[in-house]
Amino acid sequence: MKVLLFAILDHVDATEKLLHKLSSEGYNGTVIPTSGLHHVLPKFEDAKSGAISLASMVDDLPSGNLTLFIVIEEEKVAELKQEIREATSNFKKVKGGMFILPLVDVEGSF
């Protein structure tokens with residue numbers, strides 16, 4: 001059975017190294033830049049108050065998180081999770097988390 005592994009990770013150098021490593025090992029997935037609530041809410045609060053945050057005006061600030069999702073065979077989950085744990089020092093060096101969802105039906109070239 002195929003499953004969907006989600007990993008939400010702070011966007012730091014160690015995260016990019018992990019993505020390169022996973023790609024070189026044959027894993028294929030999708031990465032989306034995402035923002036946590038603690039990054040987004042201050043922008044809403046600034047808009048309500050009429051104040052302009054310098055952080056919201058600068059485009060080259062770190063974008064927050066990267067969300068990785070990979071469709072893989074269930075037998076490969078333990079190995080992939082271990083690689084993510086090692087790269088993040090059990091989510092201490094790179095903040096984030098991961099979870100798995102079972103897939104009922106899959107089509108395409110994953």
Side-chain angles (χ1 to χ4, degrees):
M1 176 165 92
K2 292 195 184 276
V3 299
L4 181 58
L5 179 135
F6 279 90
I8 298 97
L9 305 166
D10 275 347
H11 185 187
V12 295
D13 288 341
T15 306
E16 291 184 24
K17 288 177 186 171
L18 169 63
L19 296 177
H20 283 289
K21 181 179 182 200
L22 294 177
S23 178
S24 71
E25 293 176 357
Y27 290 103
N28 189 17
T30 299
V31 177
I32 301 172
T34 54
S35 295
L37 286 175
H38 63 280
H39 289 116
V40 173
L41 288 178
K43 292 180 183 179
F44 292 140
E45 294 303 318
D46 290 342
K48 287 180 187 176
S49 71
I52 298 174
S53 165
L54 290 177
S56 67
M57 295 174 62
V58 179
D59 289 338
D60 61 349
L61 288 174
S63 61
N65 306 323
L66 292 179
T67 299
L68 165 68
F69 56 97
I70 301 177
V71 175
I72 59 172
E73 292 293 337
E74 194 170 19
E75 305 85 57
K76 294 183 178 182
V77 168
E79 177 185 320
L80 179 55
K81 285 175 64 176
Q82 186 58 32
E83 291 204 46
I84 294 169
R85 284 188 203 106
E86 288 173 7
T88 63
S89 296
N90 289 317
F91 301 102
K92 292 179 182 140
K93 183 171 81 173
V94 179
K95 301 289 185 198
M98 63 182 155
F99 59 93
I100 308 271
L101 297 174
L103 296 176
V104 175
D105 187 33
V106 178
E107 291 186 34
S109 55
F110 292 104

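Every heavy atom of this structure was used, including side-chain atoms; hydrogens, water molecules and symmetry mates were not. The model shown is predicted, which means the values in this text are computed figures rather than measured ones.
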- Please round to the nearest 0.5 Å and tell me the distance separating atom CZ of Phe91 and atom CG of Leu9. 6.0 Å

- Message: Rounded at 0.5 Å granularity, tell me how far OG1 in Thr15 sits from CG in Asn65.
- Response: 9.0 Å

- May I ask you to test the Met1-Glu73 pair for a side-chain heavy-atom distance under 4.5 Å? no

- Query: Are Leu101 and Ile32 in one and the same hydrophobic cluster, where Ile, Leu, Val, Met, Phe, Trp and Tyr link if side-chain heavy atoms are under 4.5 Å apart?
  - Reply: yes

- Nearest heavy-atom pair of Glu83 and Tyr27: which atoms, and what distance? OE2-CE1, 4.1 Å

- Can you find a pair of side-chain heavy atoms, one from Phe69 and one from Met98, that are under 4.5 Å apart? no

- What are the two closest non-hydrogen atoms of Thr34 and Thr67, and how far apart are they? OG1-OG1, 2.8 Å

- Note on the structure: Looking only at heavy atoms, the pair that brings Lys95 and Lys92 closest together is NZ-O, 3.9 Å

- Message: Just so I know, are the side chains of Leu5 and Lys81 near enough to count as touching, which here means a heavy-atom distance under 4.5 Å?
- Response: yes

- Query: Taking a hydrophobic cluster as the set of Ile, Leu, Val, Met, Phe, Trp and Tyr residues connected by side-chain heavy atoms closer than 4.5 Å, whether directly or through intermediates, do Phe6 and Val104 fall within one such cluster?
  - Reply: no

- For residues Ala14 and Ala87, report the shortest heavy-atom separation together with the two atoms involved. CB-O, 4.3 Å

- Salt-bridge present (Glu74, Lys2; N to O < 4.0 Å): no

- What is the distance from atom CD of Glu79 to atom NZ of Lys76, rounded to the nearest 0.5 Å? 7.5 Å

- Task: State the CG-CD1 distance between Asn28 and Ile72, to the nearest 0.5 angstrom.
- Result: 12.0 Å

- Item | Given Val31, Leu4, Leu80, the one that forms side chain to side chain contact (heavy atoms under 4.5 Å, CB included) with Ile70 | Leu80

- Query: Rounded to the nearest 0.5 Å, what separation is found between the NE2 atom of His20 and the CG atom of Leu18?
  - Reply: 10.5 Å

- Message: For Leu68 and Leu22: C-alpha separation, side-chain torsions, deciding distance, then whether side chain to side chain contact (heavy atoms under 4.5 Å, CB included) applies.
- Response: CA-CA 11 Å; Leu68 165 68; Leu22 294 177; 4.1 Å; yes

- Query: Is the backbone N or O of Ile84 less than 3.5 Å from a side-chain atom of Thr88, with the two atoms forming a donor-acceptor pair by type?
  - Reply: yes

